[in-house]
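Protein chains get the first letters and strands the later ones, always in sequence-line order, with residue 1 at the start of each.
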Amino acid sequence: MILAGGGVIKSEACDELHSFATEYEIPVITTMPGLGSFPETEDLALGMAGMHGTGAANMAITNCDALVGVGTRFDDRLTGGVDSFAPDADIIHVEIDPAEISKNIEADFPLIGDAERVLEQLDDTLTRPPEADAWREQCATWEEEYPLAYEMPDDEPLKPQYVVETFDEMADDDAIVTTGVGQHQMWAAQFWTYTHPRTWVSSNGLGTMGYGVPSAIGAKLGAPDTEVVCFDGDGSFLMTVQELSVAVRENLDITYVVLNNEAVGMVRQWQDGFYEGRRMASEYPWIPEFDKLAEAFGARGFRLEDPENVQETIEAAREYDGPAVIDAIIDPGENVYPMVPSGGDNGQFALSEAHLEML
Amino acid sequence: MTGKLPGPAPDERMRPQGRRNSQGIRIDPEVEATHEPRLAVLSALVKHEPGVLSEVSGLFSRRQFNIESLTVGPSKDEDVARMTIVIEEPEPGVQQAKKQLKKLISVIEVEELEPEAMRRELALLKVAGEKPDDIQSVAEMYGGQAVDASRDAVTVEITGSKQKIDAAVDAFEQFEVLEVVRTGAAALERGSMTMDPSAMESDN
Ligand SMILES: Cc1ncc(C[n+]2csc(CCOP(=O)(O)OP(=O)(O)O)c2C)c(N)n1
């Protein structure tokens with residue numbers, strides 16, 4: 001198993017990772033910062049592991065017997081409880097910072113160096129691929145058993161996953177996605193297909209709400225010819241909404257999609273899941289209409305409620321040459337699954353609230 | 001509540017046999033093995049500039065390393081200060097503390113001293129009692145001396161290893177100890193070995 005972290009992208013080791021993984025036919029899981037380091041369209045790609053990772057990735061990382069972690073800190077959002085993290089695996093840790101070695105997870109084989117060079121050297125040293133037909137079949141079975149699914153809406157309320165997925169189908173392959181923090185961030189990670197490095201721009205586990213609006217501006221300025229989409233939550237969007245004026249001033253062609261559940265949804269989800277539904281300061285129906293707010297800034301605003309209008313609204317927002325904001329009114333009760341509770345066993349991810357109660 | 005994905009429930013899935021301990025080390029689940037904490041003396045050469053102490057102590061508190069003592073003072077070179085940090089941590093914690101210290105820009109060099117390194121601490125004890133002579137003779141037993149006396153209290157100075165000072169404090173209890181101040185350890189390796197000062201130029 002290969003676990004690719006954000007370090008793979010930082011050290012420009014994605015091509016090397018790709019040839020290494022495909023040559024030896026080793027399945028690849030990414031961390032959240034590692035999204036885009038390995039094309040999710042590859043057969044070997046199992047997606048992201050961790051708290052809201054795919055079922056297949058979490059089953060594989062838990063049950064593998066050898067794990068090559070490249071450019072990853074083994075952060076707690078990835079590992080869950082360390083007692084149950086890849087407990088049968090020899091860990092080969094490729095990492096440039098010695099302080100990360102055996103900090104969270106003991107490295108049986110620490111390889112300190114630049115990810116690209118170390119992968120090259122590994123490639124040169126290995127003589128034959130591991131015998132892993134059965135393992136790859138097992139991974140494929142998990143992928144079938146645990147698809148990322150959601151209810152297809154034919155009526156309101158609109159499902160956020162559907163908005164992300166539809167946008168993904170319409171957007172350029174190398175479009176850059178930025179996010180705030182919360183449920184929308186997880187849906188953007190899960191339901192968009194990442195195939196290029198540096199197309200996922202997020203504060204990841206650091207959890208900086210408000211990151212989405214300004215980072216989209218930065219992304220657009222850094223890559224003016226690339227499509228930039230920001231998926232934001234209503235809470236996160238309000239934290240840095242004033243930056244819209246910069247996007248208007250510079251006339252930056254960015255599409256903002258506020259997945260508006262009138263709530264700090266991730267907080268509400270935890271209150272529902274772990275505090276018997278006692279909702280406290282997590283629901284916010286008293287928020288502005290974001291399409292009108294956008295217009296007030298001089299950007300274009302769109303309101304999206306009806307599942308039937310998803311495509312045309314996205315199309316119109318993409319076509320507008322300048323900052324556009326789609327206020328997507330989504331199902332306020334929608335929650336993010338799979339979910340590994342904080343400190344839990346990755347292999348025991350919950351697929352529903354009922355599972356959370358079993359854990 | 002909406003949000004339910006297909007797939008086998010948690011209790012229907014295969015689970016590995018193994019386990020890791022809280023330090024992320026694979027263990028035999030039958031024998032709970034964790035590293036026991038040990039004392040480690042870290043000697044660090046740091047740039048002698050404002051803010052270094054708070055950087056180092058901030059690192060230790062953030063990462064919750066257990067500090068037993070921390071002393072700072074000038075070194076041979078006026079631009080460099082030496083910190084002696086005694087921590088009590090399991091082996092992985094000791095290694096982490098060293099690596100994390102090395103990452104600080106203002107830290108030039110870090111070494112863990114050998115157990116037989118020279119460690120000295122200074123203690124001042126204010127002891128109650130009308131008989132300065134008795135107090136002085138106990139002080140002498142520990143190689144110390146009275147440095148101040150008033151009508152009903154004597155202040156004694158003692159230098160030595162932690163164990164020696166612990167024992168001295170105990171011995172003075174017969175008179176009643178009013179106050180103690182201890183400096184924490186200052187430590188140097190035995191022999192002619194030193195920490196490489198040339199690291200200062202190359203290591204940034
Ligand atoms: C600045 C900041 N404050 C608080 C939090 C804690 N927090 C994490 S997710 C979240 C809710 C985010 O709500 P929203 O942006 O509306 O996104 P949603 O979960 O509804 O998609 C909060 C409050 C944080 N990560 N950052």
Quiz item: Under a 4.5 Å heavy-atom cut-off, does chain B meet the side chain of A:Gln269, its backbone, both or neither?
Solution: neither
Quiz item: Do the side chains of B:Pro6 and A:Pro147 get nearer than 4.5 Å, heavy atoms only?
Solution: yes
Quiz item: Could you name the residues of residues 51-63 of chain A that have a heavy atom within less than 4.5 Å of a heavy atom in chain B?
Solution: A:Met59, A:Thr62, A:Asn63
Exercise. Determine whether more than 12 heavy atoms belonging to other residues, nucleotides or ligands lie under 6.0 Å from atom CD of B:Glu12.
Key: yes
Self-check item: Residue part contacting chain B, namely of A:Leu359, when any heavy atom lies under 4.5 Å
Solution: side chain
Quiz item: So among A:Asp83, A:Asp88, A:Asp108, which one has a salt bridge (Lys or Arg N to Asp or Glu O under 4.0 Å) with B:Arg26?
Solution: A:Asp108
Self-check item: Among B:Pro16, B:Gly7, B:Ala9, residue most engaged with chain A (heavy-atom pairs, under 4.5 Å)
Solution: B:Pro16
Exercise. Specify which of A:Phe349, A:Trp142, A:Tyr150 makes the most heavy-atom pairs with chain B at under 4.5 Å.
Key: A:Phe349
Self-check item: CZ on B:Arg15 to OG on A:Ser84, rounded to 0.5 Å
Solution: 7.5 Å
Quiz item: Crowded around B:Lys126 NZ? As in, over 12 foreign heavy atoms under 6.0 Å?
Solution: no
Quiz item: What part of B:Pro8 gets closer than 4.5 Å to chain A, counting heavy atoms only: side chain, backbone, both or neither?
Solution: both
Self-check item: Any residue of residues 338-348 of chain A which, by heavy atoms, sits under 4.5 Å from chain B
Solution: A:Pro338, A:Asp345, A:Gly347, A:Gln348
Quiz item: Should we say atom CD of B:Glu78 is surrounded by more than 12 heavy atoms from elsewhere, each under 6.0 Å from it?
Solution: no
Self-check item: B:Lys99/A:Asp97 ion pair, N-O < 4.0 Å
Solution: no
Quiz item: With a cut-off of 6.0 Å (strictly less than), are more than 12 heavy atoms of other residues, nucleotides or ligands near CD of B:Glu173?
Solution: yes
Practice problem: For residues B:Arg20 and A:Ala89, report the shortest heavy-atom separation together with the two atoms involved. | Solution: NH2-O, 3.3 Å
Self-check item: Pairing residues for A:Ala189 by the side-chain contact (heavy atoms from CB on, under 4.5 Å) criterion, not counting sequence neighbours
Solution: A:Met32, A:Leu35, A:Met48, A:Trp200
Practice problem: For A:Met152, look at atom CE and say whether over 12 heavy atoms of other residues, nucleotides or ligands are found less than 6.0 Å away. | Solution: yes
Practice problem: Could you list all the salt bridge (Lys or Arg N to Asp or Glu O under 4.0 Å) pairs where at least one residue sits in residues 177-194 of chain B, not counting sequence neighbours? | Solution: B:Glu121-B:Arg182, B:Asp166-B:Arg182
Exercise. State the CG-CD distance between B:Leu5 and A:Glu145, to the nearest 0.5 angstrom.
Key: 13.5 Å
Exercise. Begin from the C-alpha positions of A:Lys103 and B:Gln23 and carry the test side-chain contact (heavy atoms from CB on, under 4.5 Å) through to its verdict.
Key: CA-CA 8 Å; A:Lys103 186 181 84 177; B:Gln23 293 143 357; over 6 Å; no
Exercise. Evaluate the side-chain proximity of B:Arg19 to A:Phe85: yes if any heavy-atom separation is below 4.5 Å, no if none is.
Key: no
Practice problem: Could you tell me the separation between the CZ atom of B:Arg13 and the OH atom of A:Tyr146, rounded to the nearest 0.5 Å? | Solution: 4.0 Å
Quiz prompt | Option in B:Met14, B:Gln100, B:Gln17 with maximal non-hydrogen atom pairs under 4.5 Å from chain A | solution = B:Met14
Practice problem: Find out whether A:Met358 and B:Pro10 are in side-chain contact, i.e. whether some heavy atom of one side chain is under 4.5 Å from a heavy atom of the other. | Solution: yes
